[in-house]
Amino acid sequence: MTILATLKSRFRTALAGLTDEVDTCLDLIRASGDPKFGDYQANFCMPLGKKLGRPPREVAEEVVGKLELDDLCGPPEIAGPGFINLRVKDARLIEQLTAAVTDARLAVATVEQPRTYVVDYSGPNVAKPMHVGHIRSTVIGDALCRTLRFVGHKAISDNHIGDWGTQFGMILYGYKHFVDAKAYADNPVQELARLYRLVRQLVDYHGGRAKLPVLKDKITQQENVLKQRTAEAGEKPDKKTRKTLRKLETDLAETREALKSLESQLAAVDGDALLSKLAAEHAEIGTAVLQETSKLHASDEENLRLWKEFLPACEDEIERIYGRLKVTFDHTLGESFYNDRLGPIVDELLAKGIARESDGATCVFFDGQDVPMLVRKKDGAFLYATTDLATLGYRMETFRPDAVLYVVDHRQSLHFEHLFTTAGRLGYDDVELKHVSFGTVLGDDGRPFKTRSGDTVGLEGLLDEAVRRVAAIVAENDDAKPSGSELSAVDRSNVAETVGIAAIKYADLSQARTSDYVFSYDKMVATRGNTATYMQYAYARVRSIFRRGDVDIDALRTSGATILLDSPAERALAMELLQFGEAIELSLADYRPNQLTSYLFELANRYSTFFEECPVLKAESDELRQSRLLLCDLTARTLQKGLELLGIDVVDQM
RNA sequence: GCCCUCGUAGCUCAGAGGAUAGAGCAACAGUUUCCUAAACUGUAGGUCACAGGUUCGAAUCCUGUCGGGGGUACCA
């Protein structure tokens, strides 16, 4: 039990009879923001006093009088308008730390009521190279699963891959027309990726050609509207008109920008002899690709056979990246898996009156919203929403979850709002459906990463670049060690891989989930401040102490050596160590991994201070040496476990 | 038009209605006979976009204004 939980239970007893809103009060007991107010503070006397019509300090007096905390804290202090400040007794800290020393869970309790979660994350389109846009979902989802499991929940990870979309139409078309048989035999993944890119480029080219006059028209139209409005507005337009004009100007600028980029895209093909020849020969490629996709969906024998042949190669490709990220899934049930359920779910929606026809499409409408959710197109094809409903149905039947978490970009919040409302109408009402949304990955220019076209950074290239940059730092630091370099070439390369991947993951996890994320190598690979490297470094320093002191830490843990907390640095470290469980709880309360990263940063900080101020191997006495070794051990294990919950590894030496 | 989000130090960002708003970069000033200086210590830096409101108490909740981003019927 965390110290906070113990405090709450004591307060619960003391509050009995005083109010019937005990839980509300208990929520106002927190770790102190400022050490000078002690370790914990209870803030409920002000609202409670108001409610009871009594002075808050008087209420505080009464509560303090009833509190039995002598074994846990020093005398409570009533401060300011009615805060109760608590300082945990060192003896209690020592007792809890001692328990953690021999506990594999570091004295973090499991939850009383375990739940079953289905966590939907990553979800790349196979057969398309994974890019930087996939990193957030993958990393956050993985961290949530690990953390949920650690506290005793059942977390079922399910990778809802896109294995049934238009990209297969492209590959099918490419395979039938452009395949290099030898290249395919040698390395199917690489060849399929080439085919995808080629067909994609040709489709975009013809699409772009068709779009060109449309864009030009649009620009003329926008120019005219702007001119007309400007004239109408006169010399002194009011505020609202000015705003409208400004909007028209930015719209026009955007359209011009789009035209420019389209023209350069077309020029790239036109300027390439081979590409322009292919483009001319495959003028109808756009519709042909859609036909290949429809044939696949209609179980065309050849296309289905080819799809089954391509799929394993595509899955191997994404598995390789997951292997490097050390991300695993319990299930990988892609869109194709739900193909048979799409028709029936639409029928059900219609039969129950949840959906109806509109403009030839099948739609679900929502109160107060003009936009419906489409579940079947005019041409009979199903959509994203249809698959998601079918998927939810399957998950409910199969896993019987208490909660389903969708770790998906916040731009899809409307989709999930629709999806969840519809699920409620279908009768899925005793399950928590949660869109764990996250901010967009932005480029250096502050614009969202393009998913359809443009130069996206491939995920693998990103990992390589991060590792390469870290490798340089590893070499530089190892060379600069006072007693000479310690790492072999192999060691250095392993450290670079672990630290590099960690840097990428941590940069993402330490950011508040809902805010946008600016992709930057420098930020990801920074070695200072709130970074994985800082924690890994703290961990490595502990390991270094054990190595140099030739410490048998297993023996020490069971030796019954006592922990001493005489210096401020030791006490601060101890207090921080004991708040690991609270940090995990906070992190899970709204699925925010950055709560855990903040905690670990704070812990590593406390350790660094301790490291500077408290000699371990050269401690004044043997007793103190053993105590400090135990603190080092607890710190290392907490850092390791905390990072592990985020999907990040540590290294013994760096 | 409607809906959703964001606006906090020069920069990048934390901040569960609680006390004097915090980190990291960058700046400045220190710390290597000592367990890894990928570190530590200190200084400086703020009208929490603006205006009202609710509250004992607001960066946080509500309303409005200004500014940024996103979404908005047959892509996923």
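Convention: sequence-line order gives letters A, B, ...; per-chain numbering from 1.
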With a 6.0 Å cut-off (strictly less than), is the heavy-atom count around CD of A:Glu77, excluding the residue itself, greater than 12? no

Need one value for A:Lys51: base, sugar-phosphate or nothing, where a base atom within 4.0 Å counts as base even if backbone is also close, heavy atoms only. nothing

Applying ring-ring contact (aromatic ring centres under 6.0 Å, His included) to A:Phe610 and not counting sequence neighbours gives A:Tyr607

Integer angstrom distance from the P of B:U41 to that of B:A23: 11 Å

Given the P atoms of B:U20 and B:U63, what is the spacing between them in whole Å? 28 Å

Rounded to whole Å, please give me the gap between CG in A:Asp27 and P in B:U60. 21 Å

Where do N or O atoms of nucleotides 36-42 of chain B meet protein N or O atoms at under 3.5 Å, pair by pair?
{"residue": "B:U36", "atom": "OP1", "partner": "A:Ser544", "partner atom": "OG", "Å": "2.2"}
{"residue": "B:U36", "atom": "OP2", "partner": "A:Ser544", "partner atom": "OG", "Å": "3.0"}
{"residue": "B:U36", "atom": "OP2", "partner": "A:Arg548", "partner atom": "NE", "Å": "2.3"}
{"residue": "B:U36", "atom": "OP2", "partner": "A:Arg548", "partner atom": "NH2", "Å": "2.9"}
{"residue": "B:U36", "atom": "O2'", "partner": "A:Tyr537", "partner atom": "OH", "Å": "2.4"}
{"residue": "B:U36", "atom": "O2'", "partner": "A:Arg541", "partner atom": "NH1", "Å": "3.4"}
{"residue": "B:U36", "atom": "N3", "partner": "A:Met654", "partner atom": "O", "Å": "2.9"}
{"residue": "B:U36", "atom": "O4", "partner": "A:Met654", "partner atom": "N", "Å": "3.0"}
{"residue": "B:U36", "atom": "O4", "partner": "A:Met654", "partner atom": "O", "Å": "3.4"}
{"residue": "B:A37", "atom": "OP2", "partner": "A:Arg541", "partner atom": "NH1", "Å": "2.7"}
{"residue": "B:A38", "atom": "OP2", "partner": "A:Asn477", "partner atom": "OD1", "Å": "2.9"}
{"residue": "B:A39", "atom": "O2'", "partner": "A:Arg541", "partner atom": "NH2", "Å": "2.8"}
{"residue": "B:A39", "atom": "O2'", "partner": "A:Glu612", "partner atom": "OE2", "Å": "3.3"}
{"residue": "B:C40", "atom": "OP1", "partner": "A:Tyr534", "partner atom": "OH", "Å": "2.3"}
{"residue": "B:C40", "atom": "OP1", "partner": "A:Asn605", "partner atom": "OD1", "Å": "3.4"}
{"residue": "B:U41", "atom": "OP1", "partner": "A:Thr609", "partner atom": "OG1", "Å": "3.2"}

Give me the stems containing RNA chain B, sorted by first residue, counting only three or more consecutive Watson-Crick or G-U pairs with both distances under 3.5 Å; say none if there aren't any. B:1-7 with B:66-72, B:10-13 with B:22-25, B:27-31 with B:39-43, B:49-53 with B:61-65

NA contact type, A:Leu617, heavy-atom cut-off 4.0 Å: base, sugar-phosphate, or nothing? base

Only residue of A:Arg548, A:Gln626, A:Arg628 satisfying side-chain contact (heavy atoms from CB on, under 4.5 Å) with A:Val616 is A:Arg628

How is A:Phe546 classified with respect to the nucleic acid when contacts are heavy atoms under 4.0 Å: base, sugar-phosphate, or nothing? nothing

Round to a whole Å and report the spacing from OH of A:Tyr384 to C1' of B:U72. 16 Å

Let me see the working for A:Thr386 and A:Tyr338 under side-chain contact (heavy atoms from CB on, under 4.5 Å), right down to the final yes or no. CA-CA 9 Å; A:Thr386 329; A:Tyr338 300 99; over 6 Å; no

What nucleic acid atoms does A:Ala79 come within less than 4.0 Å of, heavy atoms only: base, sugar-phosphate, or nothing? base

Check salt bridge (Lys or Arg N to Asp or Glu O under 4.0 Å) between A:Arg468 and all other residues, then give those that pass, not counting sequence neighbours. A:Glu465

Please classify the nucleic acid contact of A:Cys363 as base, sugar-phosphate, or nothing, using heavy-atom distances under 4.0 Å. base

Ordered by number, residues from residues 38-47 of chain A within less than 4.0 Å of RNA chain B (heavy atoms) are A:Gln41, A:Asn43, A:Met46, A:Pro47

Whole-Å distance between B:C4 C1' and A:Arg411 CZ? 14 Å

Would you find more than 12 non-hydrogen atoms of other residues, nucleotides or ligands less than 6.0 Å from A:Arg54 atom CZ? yes

Can A:Tyr406 and A:Phe420 be said to form a ring-ring contact (aromatic ring centres under 6.0 Å, His included), step by step? CA-CA 11 Å; A:Tyr406 296 85; A:Phe420 298 163; 5.6 Å; yes

Between B:U55 and B:G7 - P atom distance, rounded Å: 26 Å

Could you work out, with side-chain contact (heavy atoms from CB on, under 4.5 Å) as the rule, every residue matching A:Glu497, not counting sequence neighbours? A:Arg324, A:Val467, A:Ile501

Which value, in whole Å, describes the distance between the P atoms of nucleotides B:G46 and B:U8? 15 Å

Out of curiosity, A:Leu634 CG to A:Leu639 CG, how far, rounded to the nearest 0.5 Å? 11.0 Å

Take A:Arg57 and A:Glu61 through the salt bridge (Lys or Arg N to Asp or Glu O under 4.0 Å) test and state the conclusion after the steps. CA-CA 6 Å; A:Arg57 290 189 68 110; A:Glu61 297 280 0; 5.6 Å; no

With a non-hydrogen cut-off below 4.0 angstrom, is A:Arg628 in contact with a base, only sugar-phosphate, or nothing? nothing

Donor-acceptor contacts, no H, no angles, side chain residues 534-544 of chain A, under 3.5 Å, sequence neighbours left out:
{"residue": "A:Tyr534", "atom": "OH", "partner": "A:Asn605", "partner atom": "OD1", "Å": "3.1"}
{"residue": "A:Tyr534", "atom": "OH", "partner": "A:Ser608", "partner atom": "OG", "Å": "3.3"}
{"residue": "A:Gln536", "atom": "NE2", "partner": "A:Asp649", "partner atom": "O", "Å": "2.8"}

Want to settle it: does A:Ile84 or A:Asn125 sit nearer the 5' end of RNA chain B, counting the closest nucleotide to each? A:Ile84

Which value, in whole Å, describes the distance between the C1' atoms of nucleotides B:A16 and B:G22? 16 Å

With a 3.5 Å cut-off and just heavy-atom distances, do the side chain of A:Asp34 and the base of B:A21 make a donor-acceptor pair? no

With P as the reference atom in both, quote the distance from B:G69 to B:C61 in angstrom, rounded to an integer. 23 Å

Please table the atom pairs, donor to acceptor, closer than 3.5 Å between any side-chain atom in residues 585-597 of chain A and protein atoms at least two apart or in another chain.
{"residue": "A:Ser587", "atom": "OG", "partner": "A:Arg592", "partner atom": "O", "Å": "3.0"}
{"residue": "A:Asp590", "atom": "OD1", "partner": "A:Lys434", "partner atom": "NZ", "Å": "3.4"}
{"residue": "A:Tyr591", "atom": "OH", "partner": "A:Glu432", "partner atom": "OE2", "Å": "3.3"}
{"residue": "A:Thr597", "atom": "OG1", "partner": "A:Asn594", "partner atom": "O", "Å": "2.9"}

I'd like a table of atom pairs between the protein and nucleotides 7-14 of chain B - only N or O on both sides, under 3.5 Å - with the distance next to each one.
{"residue": "B:U12", "atom": "O2'", "partner": "A:Lys523", "partner atom": "NZ", "Å": "3.2"}
{"residue": "B:A14", "atom": "OP1", "partner": "A:Ala512", "partner atom": "N", "Å": "3.1"}
{"residue": "B:A14", "atom": "OP1", "partner": "A:Ser515", "partner atom": "OG", "Å": "2.6"}

Considering residues at least two apart in sequence or located in another chain, which fulfil the ring-ring contact (aromatic ring centres under 6.0 Å, His included) criterion with A:Tyr40? none

For A:Phe37, check ring-ring contact (aromatic ring centres under 6.0 Å, His included) against everything at least two apart and list the hits. none

Round to the nearest Å and state the distance from A:Asp359 atom CG to B:A73 atom P. 12 Å

For the P atoms, the ones on B:U43 and on B:A49, what distance do you get once it is rounded to whole angstrom? 27 Å

A:Leu248 CG to B:G1 C1': how many Å, rounded? 14 Å

Picking from B:A76, B:A73, B:G18, which would you name as closest to the side chain of A:Phe83? B:G18

Hey, which sits more toward the 5' end of RNA chain B by its nearest nucleotide, A:Phe610 or A:Val371? A:Phe610

Length of the CD-P vector between A:Glu417 and B:U5, whole Å: 10 Å

Which part of the nucleic acid does A:Asp550 contact within heavy-atom distance under 4.0 Å: base, sugar-phosphate only, or nothing? nothing

What residues from residues 161-170 of chain A pass a heavy-atom cutoff of under 4.0 Å to RNA chain B? none

